[in-house]
Structures are given as structure tokens and as C-alpha cells.
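Working notes for the structure below.
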Number of protein chains: 2
Amino acid sequence: MLMIVQELGWEELAECNKAMGDQSRLRMLALLKTEDLCVCELVEILGMTQPAVSQHMRRLKSAKLVKERRQGQWVIYSLDGERLPYFRSVVDSLPDLSYEIEALKASGKKVVCD
Amino acid sequence: MLMIVQELGWEELAECNKAMGDQSRLRMLALLKTEDLCVCELVEILGMTQPAVSQHMRRLKSAKLVKERRQGQWVIYSLDGERLPYFRSVVDSLPDLSYEIEALKASGKKVVCD
DNA sequence: CAATATTATAAGCATATGATTATATACCGT
DNA sequence: ACGGTATATAATCATATGCTTATAATATTG
């Protein structure tokens with residue numbers, strides 16, 4: 001089976017980098033590297049308002065760096081980024097924030113159990 | 001000899017990505033991948049004003065993605081980006097624009113001969 | 001030193017960005 | 001269908017960004 005990987009244009013390339021050009025969104029990607037998370041969990045960990053998180057996720061989603069799925073009342077985000085050749089390199093270079101997720105679980109606020 | 005590579009913080013990481021989050025600056029990086037260039041050559045190739053190019057290069061320089069050296073009356077820019085772990089991956093994924101530089105040479109407007 | 005060429009900086013302006021508050025939409029349990 | 005929880009969108013606002021024009025700074029040449 002032949003897979004055609006569509007070449008990214010300048011516009012899309014710039015959009016991907018812009019999407020990764022914000023500290024909050026970088027932290028979100030770093031968190032999603034460890035585990036898929038829903039919006040309210042990101043809100044809890046990052047200490048941001050819910051609309052702020054939603055809007056950041058929209059930006060990441062429109063750059064195709066994350067994808068979403070609905071699970072009950074939650075919308076769960078996960079890393080995507082197959083279209084961006086160096087996305088894995090970027091994500092790998094992000095600090096490990098798994099301890100944040102551990103802390104969330106310890107506090108009993110982890111809501112989604114896959 | 002032990003080389004210590006200073007870990008980049010969120011702030012710097014975001015700045016690097018922001019610096020790469022613009023079509024013009026991506027093109028500049030793509031051009032510098034082929035060959036070191038001075039400002040007036042970038043002006044010629046990209047069809048931008050000289051101040052616009054200078055300001056973009058300042059942004060790239062402050063993110064440490066390019067470095068400059070003076071050669072006579074010209075300031076020559078070249079890729080740097082050793083501090084950004086995935087910089088090479090990004091640059092490698094940029095389209096090849098060497099034909100732009102060839103065209104410049106053919107037109108007799110390549111000013112710097114190293 | 002004067003004249004020219006190259007590059008950088010400053011100021012102004014239109015648009016983009018990121019946050020906040022308020023409101024709408026979607027799903028769940030009863 | 002209703003109330004509660006989760007998420008998205010809209011409106012607003014302060015700041016950032018990118019471009020333009022004008023001007024300054026630096027280097028070369030005569």
C-alpha cells in the first residue's frame with residue numbers, strides 16, 4: 001500500500017511553528033506526550049481558565065498537532081502531528097511533565113480512566 | 001572534553017518556535033541552508049525591503065538560530081541553532097531553494113564571494 | 001574628508017495574539 | 001425534560017507582530 005504524505009507548504013509550516021511558539025501550548029504538548037488528557041485536566045494542571053485551554057487546543061488542532069475524541073462528557077486530546085516531519089523531534093525535546101499528571105492522579109482529580 | 005549543552009527553558013523554546021513561525025523567516029532559513037548570504041542578497045531574492053529583512057534577521061539572531069559575521073561592508077548571516085536540539089530536523093525539512101541562489105548568481109547580483 | 005553602499009534602528013500603523021468574562025452547546029444522570 | 005458538568009464560542013481588550021518610511025550607523029572608495 002502506497003502512502004502519499006502531502007508536502008507541507010510554507011503557510012502550513014509556519015502555522016505549525018506558530019502553534020508551538022507559545023509556552024502554554026508547549027506545556028500542553030509536553031503533557032500529552034505522557035498521556036492523553038481532557039480539557040478540565042489541562043485546566044487543573046496548568047492553572048489556566050477553561051476557555052484559555054480550549055482556545056489553545058483549537059490552535060494546536062488546526063495545525064494538526066493534536067487530535068480530539070469525545071469520551072462521554074469529556075473531550076480528550078492526544079498528540080497527532082504525523083504531517084509535520086520533525087514533530088516527534090520537537091516533542092522528544094520537551095521536558096518530561098509526567099509528575100504533573102501523577103500529582104493530579106494523587107489528588108483524585110484525574111477524571112478520565114481509559 | 002566535556003561539553004555541557006545548556007537546557008533550553010520554556011521561554012527560549014517558545015521564542016525559537018516563534019522565530020520559525022513566519023513564512024519569510026522560514027524562507028530565509030531555507031536559503032541559508034544552501035549558502036551563507038548577506039542582507040542585500042536576501043532582499044534581492046525575497047523581494048522584501050531591506051529593513052524588513054534586517055528585522056527578521058534580528059529575530060532569528062536573538063533566537064540564536066542564525067549568527068552573523070561582518071565581511072567588509074556586508075553582514076553575512078549563516079545558520080547557527082546548535083542550542084535547539086531539533087533545529088537540524090526543521091531545516092532539513094524545508095524546501096530546497098538553491099535555484100534562487102543560482103538565479104541570483106546568473107543575474108550577476110551575487111555580491112559576496114567567500 | 002566627501003560620496004556611496006550596506007545595514008541597523010526608530011516611529012507609525014494595521015493586524016494578530018492571548019487572556020478574560022459571558023454565553024452557548026453537548027453530554028450525562030435522574 | 002431538567003439540572004449539572006464539560007467544552008466551545010463570542011466579545012472585548014492589552015500587547016505583540018510585521019510592514020513601511022525615515023533616519024542613523026558602519027564600511028569602502030576616491
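Labels below follow one simple rule: chain letters A, B, ... track the order of the sequence lines, proteins then strands, and each chain is numbered from 1. Reckoned from all heavy atoms, side chains included, excluding hydrogens, waters and symmetry mates.
- Which of D/dA8, C/dT6, C/dA19 sits closest to the side chain of A/V39 comes down to D/dA8.
- Atom-to-atom, CZ of A/R59 to C1' of C/dG18 comes out at 10 Å; the value is rounded to the nearest Å.
- Counting only N and O atoms by type, the side chains of A/Q23 and A/R27 include a donor and acceptor under 3.5 Å apart.
- Counting all heavy atoms, side chain and backbone alike, B/L26 lies closest to A/A14 at CD1-N, 3.6 Å.
- In summary, of the residues considered (B/E35, B/E100, B/E44), a salt bridge (Lys or Arg N to Asp or Glu O under 4.0 Å) with B/K110 occurs for B/E35 alone.
- Among the protein residues, A/E68 comes within range of the sugar-phosphate backbone only, with heavy atoms under 4.0 Å from sugar or phosphate atoms but none that close to a base.
- For A/Y77, taking side-chain heavy atoms from C-beta onward, the closest of the listed nucleotides D/dT20, D/dA8, C/dT17 is D/dA8.
- Of all heavy-atom pairs spanning B/V111 and B/C38, the tightest one is CG2-SG, 3.7 Å.
- If you take CE of A/M57 and P of C/dG18, they are 14 Å apart, rounded to a whole angstrom.
- B/S89 and A/S89 make their closest contact through OG-OG, 3.6 Å (heavy atoms, listed as atom of the first residue, atom of the second, distance).
- In the set D/dT7, C/dT7, D/dG18, D/dT7 carries the atom at the smallest distance from any side-chain atom of A/C40.
- If you take CZ of A/R69 and C1' of D/dA6, they are 16 Å apart, rounded to a whole angstrom.
- For the 3.5 Å distance criterion, the side chains of A/E102 and A/S98 fail to qualify, holding no donor opposite an acceptor.
- Using a 4.0 Å cut-off between charged nitrogen and carboxylate oxygen, A/R59 and A/D22 do not count as a salt-bridge pair.
- Here C/dG18 presents its P atom at 10 Å from CG of A/L60, a figure rounded to the nearest Å.
- Here the side chain of A/Q50 pairs no donor or acceptor atom with the backbone of A/V39 at under 3.5 angstrom.
- You'll find that the side chain of A/A52 is closest to C/dT20, out of C/dT7, C/dT20, D/dA6.
- Here C/dG18 presents its P atom at 12 Å from CG of B/N17, a figure rounded to the nearest Å.
- Atom NE2 of B/H56 is separated from atom P of C/dA8 by 13 Å (rounded to the nearest Å).
- Within 6.0 Å of atom NZ in A/K33, more than 12 heavy atoms from other residues, nucleotides or ligands are found, so the atom counts as buried in its surroundings.
- The interatomic distance linking B/M48 (CE) with D/dG18 (P) rounds to 10 Å, in whole Å.
- Residue A/T49 places none of its side-chain N or O atoms closer than 4.0 Å to OP1 or OP2 of C/dG18.
- Look at A/R58 and you won't find any side-chain N or O under 4.0 angstrom from OP1 or OP2 of D/dT7.
- The listed nucleotides are D/dT7, C/dG18, C/dT17; the one nearest the side chain of A/K18 is C/dT17.
- Between A/L26 atom CG and C/dG18 atom C1' the separation is 14 Å, expressed in whole Å.
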Set out, line by line, the N/O atom pairs under 3.5 Å between protein and nucleotides 22-30 of chain C.
unit_1: C/dC27; atom_1: O3'; unit_2: A/G72; atom_2: O; d: 3.4

Output one line per pair: protein atom, nucleotide atom from nucleotides 11-14 of chain D, and distance, for all N/O pairs under 3.5 Å.
none

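- Atom NZ of B/K105 has more than 12 heavy atoms from other residues, nucleotides or ligands within 6.0 Å.
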